[in-house]
Amino acid sequence: MRIGYIADKQLYVWEDGKVTALPSVRYQKYLAAMQSIHDAKAWKTTGTGAMFTGAAADAPVDPAKIPVGLHGLAPDPDGMLYAVELDQVGGLYRRDLDPAASEEGHVMTRQNMFFGGIHRRGDQLAMCTGSSPQLLHLSILDLRDNSETEITDGDTRECDPCWSPDGSRILFSSAGYARSDSGKPAMLGPHEVLAYAPGSGSLDTLCSNPAFDYLSPQESSEGALYCIRQPYDNGQKRSSLLKDILLFPVRIIKALGGLLNYFSIRYGGEPLRSDSSSPERTKKKTPQELFFEGNLIKAEENLKQNQLAGDKYPGICPRNRVLLRIDPDGKETTLRHSVLDYTLLPDGRILCSNGAHLLLLDGSQETELAKVKLAHDLTLLEV
């Protein structure tokens, strides 16, 4: 069995107990090009003179800080097909399984293209893409001629597309935005599971509850629906009027400090604070990255909770993020707590990640395949 997955912005393959890292050739070449530009212009933007004239503020981007994201993986005859985002440019590439490979196949590239997952069936690739990480929509790409059919649009964010076993429909997660008084998309609602049937063009809701997010839907050959369920969080913090009044002077001082820090960077070449936020901290991030970072803050707390619960292989994901099976008659069964990602295998077993381990689930039995931090986009490359 050969399994592909993504972890720490790197492609990996697990096979017969061995883990092999596969660097993205596209990223390596882009990084080399940016490094060359950075080195060529370094003399203009470094040193005392550059700080005095303000040229230091116009320094080229440090290649190590270039935003990069890997958010999609699918099997390919020669190895794997993967989605990558580099500095606002997204693309699909074919990668063989040789770690030393210096070339890879190009499928498509687009400016301002972000991915929310891909899933392949034959030459048809279901994918969720958009011009920003916040607005992603379902489409189907024909890999024979690269023709693309857009399925959804509007103020929604779709992710985790997956073909049904018979190819009659595509399951995916979808959440809509509420609009502010000014008419702009504001708060994101809970994710529900939808199914699109290419044959008829119908779009049906399979699973929805305002208290939960339903993510990564997959369907078994018996018709059971699998997904990850977690409590819905609108991201808004409750605030008290008294607290706002008391903190008002502090916030004014912080604002003045931020303004002075900006002028120090612009005209002096150095920040007032050594820990000033760097550009990469404020870059756009995908829902997946936000989830990872949001839970990494409580990784130790989650690990302790899972250990206390008696998990044989405790993970760092919240315990209330569960793998759920919903039978055709509506019966719900929680298969495992603390699940980051998973995929169904043809023989009925389940491959899953809990943020710390790559596990094989066979009924109530769990087998550790590897210790992997934040493995996602688990994909069966070869049985």
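What you are looking at is a predicted structure, and each value in this text was computed from that prediction instead of being measured.
Hydrophobic clustering (ILVMFWY, side-chain heavy atoms < 4.5 Å, transitive): L97 and V84 are in one cluster. When the side chains of ILVMFWY residues are joined at heavy-atom separations under 4.5 Å, either directly or via intervening members, M80 and L70 end up in a single hydrophobic cluster. Using a 4.5 Å cut-off between side-chain heavy atoms of Ile, Leu, Val, Met, Phe, Trp and Tyr, with links allowed through other members, L351 and Y313 fall into different hydrophobic clusters. Both L81 and L141 belong to a common hydrophobic cluster when Ile, Leu, Val, Met, Phe, Trp and Tyr are linked at side-chain heavy-atom distances under 4.5 angstrom. A single hydrophobic cluster is not seen to contain both V339 and V322; linkage of ILVMFWY side chains at heavy-atom distances under 4.5 Å, directly or through other members, places them apart.
Donor-acceptor pairing under 3.5 Å is recorded for the side chains of Y93 and R26. In summary, the side chains of H137 and E158 do not present any donor paired with an acceptor at a separation below 3.5 Å, with no hydrogens or angles considered. Side chains of D213 and H191: a donor on one and an acceptor on the other come within 3.5 Å. With no hydrogens or angles considered, no side-chain donor-acceptor pair links Q10 and Y5 at under 3.5 Å. There is a side-chain donor-acceptor pair under 3.5 Å between N306 and S338. A donor-acceptor contact under 3.5 angstrom links the side chains of T109 and H106, judged on distance only.
Between the CD1 atom of I228 and the OG atom of S173 there is a distance of 9.0 Å, given to the nearest 0.5 Å. One distance of note links CG of N354 with SG of C352; it measures 6.5 Å at 0.5 Å rounding. Rounding to the nearest 0.5 Å gives a distance of 8.0 Å between CD1 of I316 and CG of L340. Considering CD of E332 and SG of C227, their distance stands at 8.0 Å, rounded to 0.5 Å.
Contact of the R336 side chain with the Y342 side chain is not registered, since no non-hydrogen atoms from C-beta on lie closer than 4.5 Å. At least one side-chain heavy atom of I6 sits under 4.5 Å from a side-chain heavy atom of L11. In this structure, R157 and L188 have side chains that are in contact, with non-hydrogen atoms separated by less than 4.5 Å. Residues D327 and L225 have side chains not in contact (no heavy-atom distance under 4.5 Å, counting atoms from C-beta outward). Here the side chains of L135 and Y177 are in contact, with some heavy-atom distance below 4.5 Å. Two residues are said to be in side-chain contact when any heavy atoms from C-beta on lie closer than 4.5 Å; L215 and R321 meet this criterion.
Exactly one of N146, I118, D142, I140 qualifies for a side-chain contact (heavy atoms from CB on, under 4.5 Å) with L125. That residue is I118. Y226 pairs in a side-chain contact (heavy atoms from CB on, under 4.5 Å) with only one of the listed residues (L171, T333, T343, L335), which is L335.
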Start with the C-alpha gap between D76 and R120, add the side-chain angles, then the distance that decides, and say whether salt bridge (Lys or Arg N to Asp or Glu O under 4.0 Å) holds. CA-CA 9 Å; D76 194 68; R120 182 174 186 171; 2.7 Å; yes
query = Taking it one step at a time, do D329 and K331 satisfy salt bridge (Lys or Arg N to Asp or Glu O under 4.0 Å)?
reply = CA-CA 6 Å; D329 62 2; K331 178 185 177 182; over 6 Å; no
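Taking a 6.0 Å sphere around CD of E150, one finds it holds 12 or fewer heavy atoms contributed by other residues, nucleotides or ligands.
Between F212 and Y232, the distance separating the two ring centers is not shorter than 6.0 angstrom.
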